[in-house]
Chemist: 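Can you read through this structure? Questions will come right after.
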Amino acid sequence: MPVHNEEVAAIFDEMADLLAIQDANPFRVRAYHNAARSIRGLGKDLNKMLEEGEDLTRLPGIGKDLAAKIAEILITGHTKALDKLHQEVPATLEALLKIPGLGPKRVKSLYRNLHIKTLKQLENAARRGRIQQLPGFGAKTEQRILESIAAHRSSERRFLHHVARQYGEPLVAYLKEVHGVKEVVIAGSYRRGKETVGDLDILATTREDSPVMEQFVGYDEVDEVVSKGSTRATVFLRSGLQVDLRVVAQNSFGAALHYFTGNKAHNIQIRRLGQQRGLKINEYGVFRVKDGKRVNGKTEASVFKAVGLPFIPPELRHGRGEIEAAQAGHLPQLVTLADLQGDLHVHSHASDGNASIEQMALAARQHGLKYIAISDHSKSLRIAHGLDENRLAQQIEEIDRLNERLDGITILKGSEVDILEDGRLDFPEGMLAQLDLVIGAVHSKFRLSRRQQTRRILRAMDSKYFSILAHPSARLLEERDPIDADMPRIIEAARERGCFLEINSQPQRLDLTDTYCQLAREQGVLLSINSDGHSTHCFDLLYGGINQARRGWLEKEDVLTTRSLQELRKQLKSTMG
DNA sequence: GCCGTTTTCGGCCCGACTGTTTTCAGTCG
C-alpha cells in the first residue's frame, strides 16, 4: 500500500504541531510546516522520485534529515520521530489547535495544568469555568472557546471561488461608495484565482477621515464582528463567509496589495530577496534598512522592481518556483480569457442540458467563440438521459443541418462517453468513428483502488478514437474526493497517445488541478479548457478554467481551445489517426 | 530543521489585534 504525498505532508504538519506544543525551537517547527507545504505543491509522486533516485534534498525546505524521514515514511508507512512524539504528547492535542485563539502555548498550558487532551474535556472544563482561572486565560477566552466548539463543524468550510465572488463583488461595490475610499480590491487566495477560498481579504485605500471601518462592520450582511481596529477588521457574513478588511494609505497600495495577495511562501521569498539587498518589505512599502527611508511601494510592480524582478501575475504567487523563473526571465506568458476560441464540452437538452443545440451555439457565438463541440452524455449515464446510438446518430444529422444554416460558429460532433469500470468506452467503435471528438469521462465506480482506477483510464485512452479526458480527478469540491489514480502516469499516457486533458470550468470541479496542469505542460500535453456547460450562461464560467490554467503556468500555446478551428481539426485528426 | 556569490554558524518575515495585563504574550494571517 503506497504512501502518497499528502500523507507525508500531513505527518510533517502533525509533527510541527506537536513540536510546537512541546515548545520546540519555533524555526524547527516552521521547517516541518515548510516541508509539508513544499510536498503538497509537488506535481510528482514522491515514491516515483525515490525510485528514480532523485535527490529529495533538492526540493525547497527539504534537507538531509527530512529527506531521510520522507524515505522512511514511504517505505515503512510511518516515522519513528512521530511515534516518539506521540509517546510524549497526546496526538489528540492537535485537534485543540484548530480552535481559534488556541495556539501551542495555550494548548500546552491546558494539558499541563488541567490535563485536557480532547475537545470534549476542553468543553467540560470551559463549562465549569475552570479555564478562566488559568494564567493567561480569562473569561472572554473561555467564552470564545465554547462558541468555537459549538461552531466547530462549520469552521473548516471553504467557499467556492464562484460563490465567494457572489458575496465579495457587491461588498466591494458597497465599500467603494463610502466617503473617502479610493481603491477597493479583493486580494488573498481569491485574487490568486484559487478554486476555493477560506475567507475574503479585502484591501482598501482611503483618506484619513474615511468612516470605512464603521461602514464595513455596519454592512447589512454582517452577522458577527470578530475584531475591529483602525486599520484592520474581521467579520462573518450571514452566509458564514469570513471577510477581513485592511486599510492603508494610497501610497502604500502596491506594497499592501502584494503583501495581501500572498501566499505566505511567496511573500517570505520576496522579503528574503529584499533583505539581501538591504531592504525591508512590509505592507506599507519597501524601506532601506540603513536609514529607514521608504524607497518604493506605490504599485505592485515597484515592489517587484525593488528586488530586481519583473511583475509576477497573482496566480503564480505560490512560492513554487515563480521567483526563480522570474529571475531567469522564464516567466510564462499566461493564457487569458480572450485567447479562447472554442469550447469542446457543451451539453444540450438531449441529455441533461436545458437548451437546444442551436441556442447553445448562438450563445457561444455571442460570447466570441468560433466553435463548440456538443458532447452529450452516453447511454450508461441514465440519470442524465445519456444518448444511445440512435439518438446520437440523429444528433449528428441535426448538427450537419445547423452547420449549413449558422454563420460565425461551427458545431463539432462530440460525445462525453462514459469510461466503464473495465476501461471500455460506452459506444462501439463504429459509432465513435462518426464523431469529431470523443471525450472520455469517469462517472461511476469512484472508489476503485489506485491500480484498478489507473488501468481503467489508461485502457480507455488506448482507443484510437479517444480525444480528451474530461474532469480527470472526478472530484467535486467540498463534496467528493478525487478518485485515486496515478495522474503522472495518465499524463504520460496522454503524451504517448497524443490525447488531451480537460480543464473543466464548472465551479465545483475545476479539474485538472493546478500542479498537474503544470506537469502536463512540462510533458507537452495540451489542455482543453471547457465549460461542461448545461445552459446558455455556461460560457461565463470559462473564467474559472482560465484561473486554473494560469495557476498551472499555462500559456496560450499550451491550451488546445486557443487554436483556430482549422488547427484544432489538425490536432484532433492526428489523435484519431 | 533548513540554508548559504558576504556565511557550515547563526540567522530564519513582519505587523495588527485581543485579552489580560499594567507593558506584553499569544495568536493570526
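We name chains A, B, ... by the order of the sequence lines, and we start the count at 1 in each one.
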Chemist: Please report the distance, rounded to the nearest Å, between CG in A/D244 and C1' in B/dA16.
Modeler: 11 Å
Chemist: Let me know the distance between CD of A/E324 and P of B/dG4, rounded to the nearest Å.
Modeler: 10 Å
Chemist: Taking NZ, NE, NH1 and NH2 as the nitrogens, is one of them in A/R246 or A/D201 under 4.0 Å from a carboxylate oxygen of the other?
Modeler: no
Chemist: So what does A/R30 hit on the nucleic acid, given a heavy-atom distance under 4.0 Å: a base, only sugar-phosphate, or nothing?
Modeler: base
Chemist: If the test is side chain to side chain contact (heavy atoms under 4.5 Å, CB included), which one of A/I70, A/L74, A/I75, A/T76 qualifies with A/E72?
Modeler: A/T76
Chemist: Under 4.0 Å between any heavy atoms, over every strand shown, what does A/L102 touch: base, sugar-phosphate, or nothing? Just pick one.
Modeler: sugar-phosphate
Chemist: Considering only the P atoms, how many Å lie between B/dT20 and B/dG26, rounded to the nearest integer?
Modeler: 14 Å
Chemist: Give me the distance, rounded to whole Å, that separates B/dG11 from B/dT6 when you measure between the C1' atoms they each carry.
Modeler: 13 Å
Chemist: Which is more 5' along DNA chain B, the nucleotide nearest A/P104 or the one nearest A/T141? Just name the residue.
Modeler: A/T141
Chemist: Would you say A/Y284 places a side-chain N or O within less than 4.0 Å of OP1 or OP2 belonging to B/dA16?
Modeler: yes
Chemist: So, is A/T231 close to the B/dC17 phosphate, meaning a side-chain N or O under 4.0 Å from OP1 or OP2?
Modeler: yes
Chemist: OP1 or OP2 of B/dG1 versus the side-chain N and O atoms of A/R28: is any pair under 4.0 Å?
Modeler: yes
Chemist: Mapping A/A233 and A/L134 to their closest nucleotides on DNA chain B, which lands nearer the 5' end?
Modeler: A/A233
Chemist: Should the heavy atoms of other residues, nucleotides or ligands under 6.0 Å from CD of A/Q333 be counted, would the total exceed 12?
Modeler: no
Chemist: Work out how far the P atom of B/dG1 is from that of B/dT5, and round it to whole angstrom.
Modeler: 23 Å
Chemist: Say we look at B/dC12 and B/dC17: how far apart would their P atoms be, to the nearest angstrom?
Modeler: 25 Å
Chemist: Expressed as a whole number of Å, how far does the P atom of B/dT21 sit from that of B/dT27?
Modeler: 14 Å
Chemist: Mind checking if A/P26 touches a base, just sugar-phosphate, or nothing, with heavy atoms under 4.0 Å?
Modeler: nothing
Chemist: Look through every strand shown and name the nucleotide pairing with B/dT8 as Watson-Crick or G-U wobble, where both distances are under 3.5 Å.
Modeler: none
Chemist: Below the 4.0 Å mark, does B/dG15 have OP1 or OP2 next to a side-chain nitrogen or oxygen of A/K280?
Modeler: yes
Chemist: Take atom CG of A/L279 and atom C1' of B/dC14, then tell me their distance rounded to the nearest Å.
Modeler: 15 Å
Chemist: Would you say A/N282 places a side-chain N or O within less than 4.0 Å of OP1 or OP2 belonging to B/dG15?
Modeler: yes
Chemist: B/dT18 C1' sits how many Å from A/Q143 CD, rounded?
Modeler: 15 Å
Chemist: Once you round it to whole Å, what is the distance between C1' of B/dG4 and CD of A/Q276?
Modeler: 9 Å
Chemist: Could you tell me the separation between the CD atom of A/Q275 and the P atom of B/dC12, rounded to a whole number of Å?
Modeler: 6 Å
Chemist: Mind checking A/N267 for me? I need base, sugar-phosphate or nothing, with any heavy atom below 4.0 Å counting as a touch.
Modeler: nothing
Chemist: Can you find an N or O donor on one side and an acceptor on the other, under 3.5 Å apart, linking the side chain of A/N25 with the base of B/dG1?
Modeler: yes
Chemist: A/R106 side chain: which of B/dG26, B/dC2, B/dC12 is closest?
Modeler: B/dG26
Chemist: CD1 of A/I62 versus C1' of B/dC3: gap in Å, rounded?
Modeler: 13 Å
Chemist: Check the pair A/V235, A/K228 against side chain to side chain contact (heavy atoms under 4.5 Å, CB included), reporting the backbone distance first and the verdict last.
Modeler: CA-CA 8 Å; A/V235 303; A/K228 174 174 170 283; over 6 Å; no
Chemist: Please say whether more than 12 non-hydrogen atoms of neighbouring residues, nucleotides or ligands are located less than 6.0 Å from CZ in A/R480.
Modeler: yes
Chemist: If we check side chain to side chain contact (heavy atoms under 4.5 Å, CB included) with A/V243, which of these qualifies: A/L171, A/V222, A/D199, A/T234?
Modeler: A/L171
Chemist: Checking contacts here: which listed nucleotide (B/dC2, B/dG19, B/dC12) is nearest the side-chain heavy atoms of A/K140?
Modeler: B/dG19
Chemist: I want to check one thing: is the phosphate of B/dA16, taken as OP1 and OP2, less than 4.0 Å away from some side-chain N or O of A/S230?
Modeler: no
Chemist: What nucleotide, of B/dG1, B/dC17, B/dG29, holds the atom closest to the side chain of A/A31?
Modeler: B/dG1
Chemist: What's A/Y259 touching, base or sugar-phosphate or nothing? Going by heavy atoms closer than 4.0 Å.
Modeler: base
Chemist: Can you establish whether the number of heavy atoms outside A/E177 located under 6.0 Å from its atom CD is more than 12?
Modeler: no
Chemist: In whole angstrom, what separates A/R277's CZ from B/dT6's P?
Modeler: 12 Å
Chemist: Using the C1' atoms only, state how far B/dT8 lies from B/dC2, rounded to an integer number of Å.
Modeler: 12 Å
